[in-house]
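In what follows, a single structure is set out as structure tokens and then discussed.
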Amino acid sequence: MPTKNRITPEEALAYHLEPRPGKYDIVASTAMTSQRDLSLAYSPGVAVPVEAIAKNPELAYDYTVKGNMVAVISNGSAILGLGNLGALASKPVMEGKAVLFKRFADVNAIDIELDTEDPEQIINAVKLMGPTFGGINLEDIKAPECFIIEQRLKEMMDIPVFHDDQHGTAVICAAGLINALELSGKKISDCRIVLNGAGAAGIACLELVKAMGAKHDNCIMCDTKGVIYQGRTEGMNQWKSAHAAVTEARTLEDAMMGADVFLGVSAKGAVTEEMVKSMADNPVIFATANPDPEITPEEAHAVRPDAIVATGRSDYPNQVNNVLGFPYLFRGALDIHARAINDEMKIACARALAELAREDVPDEVAMAYGRKLTFGRDYIIPTPFDPRLIHVIPPAVAKAGMDTGVARRPIIDMDGYVQSLRARMDPTASILQGIHARARRAQARMIFAEGDDPRVLRAAVAYQRGGMGQALVVGREADVKEHLETAGLGDAYRELTVVNAANSKHLESYKEYLYARLQRRGVNREEADKLANRDRHVFAALMLVHGHGDGMVTGATRKSAHVLELINKVIDAKPSDGAVGITALLNKGRVVLIGDTLVHEWPDEHDLADIATAGAQVARGLGLEPRVAFCSFSTFGYPVSERATKMHVAPQVLDERDVDFEYEGEMTVDVALNPDQMAQYPFCRLSGPANVLVVPARHSASISVKLMQEMAGATVIGPILTGPAYAVQLCSTSSTVNDILNMAALSACRLGQGK
């Protein structure tokens, strides 16, 4: 059985506490710097759109954020699997839902927790907030109140009202079911379908599959008391009664005999192997109970190898994940200023998801998941990090909304709309997700050289518990244990492997190797022994070259130049060895690589060509098609300066090398990154803005990175050390736990390493 990532309470609390409490900020999207800006934003300028909206309410979509704003609303009466813990306790979940809207579909969302269990009070509160939002996402409200609240609000409001616990799961299950039945050679109208779990999600699932063609008489719903049959009175309500079947079956076991499809939104272990055995040929099993399914894929396949199985778990194939649905449903609905999200829009979403799973999967998606994804029994639903979702699903939803008359403002240019959606995709999270997925695939033994630093230890724990591989920590056992206990991770001490000169069985061979390497560089036997014994960076590097680890991460406690000097005593990582440092900057949906940020202090034109090649290699490793710009204070020879000459000549060096990536220069940074500025030079060979910047010297690279980090809040990954034969990555002394973890993942991916 796959290993689930272990998240400790301390880690979860730290994530929600740092760098600021909560999970999102609100930032201005317009200029707010001058008195004129303030006058336009507020008084007196704001009076103009106020009057315009008063005359024509539809203009609120043009002059305010209403058209891209969703309210995530809960009363905390059914929080995840935790039950009724109240409105305030639900806030972390609702904040999480809000950031998922932004991350996956660029929809602004605000969480609102209502401190009441009275449906009438909730209905009234949400109705009164209607003018503020373009849509309402109801969440974690218990049944049957959730049915009453959603239905009444749909009748009263002229914006989409969507209870994701019901319809989100239903849409993704429907998408998977379309493809599972295609592979099984069955029609939904002919299938016998059994659903277990008559709550909000279960009832919505059955309603949607019936809307898609399943026959009422072929569908059996079960709850904790057994089959919901016509005439049953115990534990019934109007929503269950609508799905009561004429059947002799009274238990789930009875219902499963001969069934083609099982849909589970119930509880762990609800389905037995005997039940699966009794199903029809090529059964379809959606066991979506979380965190543990009704039956695991291993258990189902043990008795029915012909079964197609989906779960709610990310560590199994075919994950039913609501994030595939709700962000894109709302994106499409908001973009047509929809009055509602209807069944036709939900079915369009499901069909678009199903069709996407049948298409060839882009390399970057396969790279992120560490395996080739091909339509079949283990891939019937797209993955949540597929970059095509943003420009495939919303157009299908929008078209269905327009065709069914709920659009206030239909989209005229659908091709232009698709292109605008492509531009909304922020690659940052996808790149990091890909790096971590590849690291989990590699299962590298990672050497964390600085085991006396709490940040490094927390990163080592996260690396191992995140399923990336074995964490080897260089440090003294007592120190490591004390630091872990102080960080609230005392139980992790048993999981980590702590290594040092005192407990190493290989110390003598390390000393021999080091002395043989350094004896003609002015280092005698005693000095070599001291380095191997006492310097953790040297000791960690010796572990690596002797194959006692697969990768290494260091640099969090000492300046990178000093650490690199120590590593060079063991590993060839100098400019003459082809070593280059490339730093990735991720900011506002853009990824730009800068080099050299680590190795070359004042590179000449040949070095610059090497840096460009290394940058292109890293770009491709991150799933980007490289476009390299040689940057200077001059553009294509003006102004003339001997300081800019090497930047002018470096592209000519690449001309002679016949490389397979785009490059151009020299040019200023604005020309390299701004397409309007670049358009002034029609002879420029770049097909679009550069994503790899080669700068004149290490000091200019460092200034650029630090400036972007401090002034713009850019996410920094690197410097990524390329060239050496061994997988070594260096952090900065200001690295956070996540930074160190990212560098460890990069080391595991062997990005830019030659061996």
Side-chain angles (χ1 to χ4, degrees), residues 1-9 11-12 78-85 92-93 96-97 100 139-140 142-143 164-166 168-170 172-173 176-177 180 194-206 221-226 251-253 255-256 259 261-279 283-305 307-325 369 377-381 383-384 440 464-467 491 495:
M1 182 174 177
T3 302
K4 291 188 287 184
N5 292 352
R6 285 191 58 198
I7 301 296
T8 66
E11 289 175 294
I79 304 174
L80 300 175
L82 302 173
N84 187 349
L85 299 181
V93 183
K97 193 65 175 280
L100 290 178
E139 193 83 12
D140 288 0
K142 67 183 176 71
D164 188 48
D165 298 322
Q166 296 180 59
T169 302
I172 312 309
C173 283
L177 185 59
V194 175
L195 181 135
N196 194 48
I203 289 171
C205 281
L206 208 55
M221 176 181 283
C222 301
D223 61 10
T224 55
K225 293 179 172 55
T251 67
L252 177 60
E253 187 174 10
M256 290 282 277
V261 177
F262 170 78
L263 300 176
V265 280
S266 52
K268 174 184 178 181
V271 174
T272 66
E273 292 183 4
E274 291 302 316
M275 293 181 192
V276 173
K277 273 186 186 178
S278 74
M279 294 180 73
V284 177
I285 300 168
F286 279 45
T288 68
N290 262 322
D292 297 300
E294 285 83 356
I295 187 168
T296 67
E298 294 97 332
E299 292 166 338
H301 286 139
V303 293
R304 293 301 298 270
I308 297 175
V309 184
T311 72
R313 288 266 293 273
S314 62
D315 49 358
Y316 285 120
N318 301 328
Q319 184 192 14
V320 176
N321 190 330
N322 284 19
V323 82
L324 288 166
Y369 284 84
R377 291 173 174 268
D378 287 335
Y379 180 65
I380 58 172
I381 307 170
T383 60
R440 283 190 287 273
Q464 185 146 320
R465 289 183 172 176
D491 61 328
E495 302 169 31

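Everything numeric here is computed off the predicted structure, so don't read it as measured data.
Checked against Val271 for a side chain to side chain contact (heavy atoms under 4.5 Å, CB included), the options Val276, Ile285, Val194 give a single hit: Val276.
No donor-acceptor contact under 3.5 angstrom links the side chains of Thr311 and Asn318, judged on distance only.
Salt-bridge check for Asp165 with Lys97: failed, with every basic side-chain N at 4.0 Å or more from each acidic carboxylate O. Between Asp315 and Arg313, at least one side-chain N (NZ, or NE/NH1/NH2) sits under 4.0 Å from a carboxylate O, which counts as a salt bridge.
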Next item on the list: Under the side-chain contact (heavy atoms from CB on, under 4.5 Å) rule, what do Thr169 and Phe286 come out as? Steps first, then yes or no, please.
Entry: CA-CA 11 Å; Thr169 302; Phe286 279 45; over 6 Å; no
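Scanning all heavy atoms of the two residues, the minimum distance from Met221 to Ala198 falls at SD-CB, 3.7 Å. The nearest pair of heavy atoms linking Phe262 to Met279 is N-CE, 3.9 Å. The shortest heavy-atom contact between Ile380 and Ala180 is CD1-CB, 4.2 Å. The minimum heavy-atom distance between Ala300 and Val309, with the atom names listed, is CB-CG2, 4.0 Å. Of all non-hydrogen atoms in Gln464 and Glu495, the two that sit nearest each other are NE2-O, 2.6 Å. When every heavy atom of Gly197 is checked against every heavy atom of Val265, the shortest pair comes out as O-CG2, 3.6 Å.
Qualifying salt bridge (charged side-chain N to carboxylate O under 4.0 Å, His left out) partners for Lys277, counting only residues two or more places apart in sequence or in other chains: Glu274. Remark: Gln319 pairs with Ser314, Asn321, Pro384 by the side-chain contact (heavy atoms from CB on, under 4.5 Å) rule, at least two apart or across chains. Residues forming a side-chain contact (heavy atoms from CB on, under 4.5 Å) with Ala200 (at least two apart in sequence, or on another chain): Cys146, Phe147, His163, Gln166. By the side-chain hydrogen bond (donor to acceptor under 3.5 Å, both in side chains) test, Glu299 is found to be paired with Thr296, residues two or more places apart in sequence or in another chain being considered. The side-chain contact (heavy atoms from CB on, under 4.5 Å) test applied to Ile381 returns Ile172, Val320, Leu324, not counting sequence neighbours. Partners of Ala270 according to the side-chain contact (heavy atoms from CB on, under 4.5 Å) rule, which considers only residues two or more places apart in sequence or in another chain, are Asn196, Ser266, Glu294.
Taken from CD1 in Ile203 to CG in Leu195, the straight-line distance is 9.0 Å, to the nearest 0.5 Å. Put simply, SG on Cys222 and CE on Met256 are 9.0 Å apart, with the number rounded to the nearest 0.5 Å. We find the CG-NZ distance between Asn84 and Lys142 to be 7.0 Å, quoted to the nearest 0.5 Å.
Taking 4.5 Å as the limit, every side-chain heavy atom of Pro293 sits out of range of all side-chain heavy atoms of Thr288.
Under a 3.5 Å cut-off, the side chain of Asn322 and the backbone N or O of Gly325 do not form any donor-acceptor pair.
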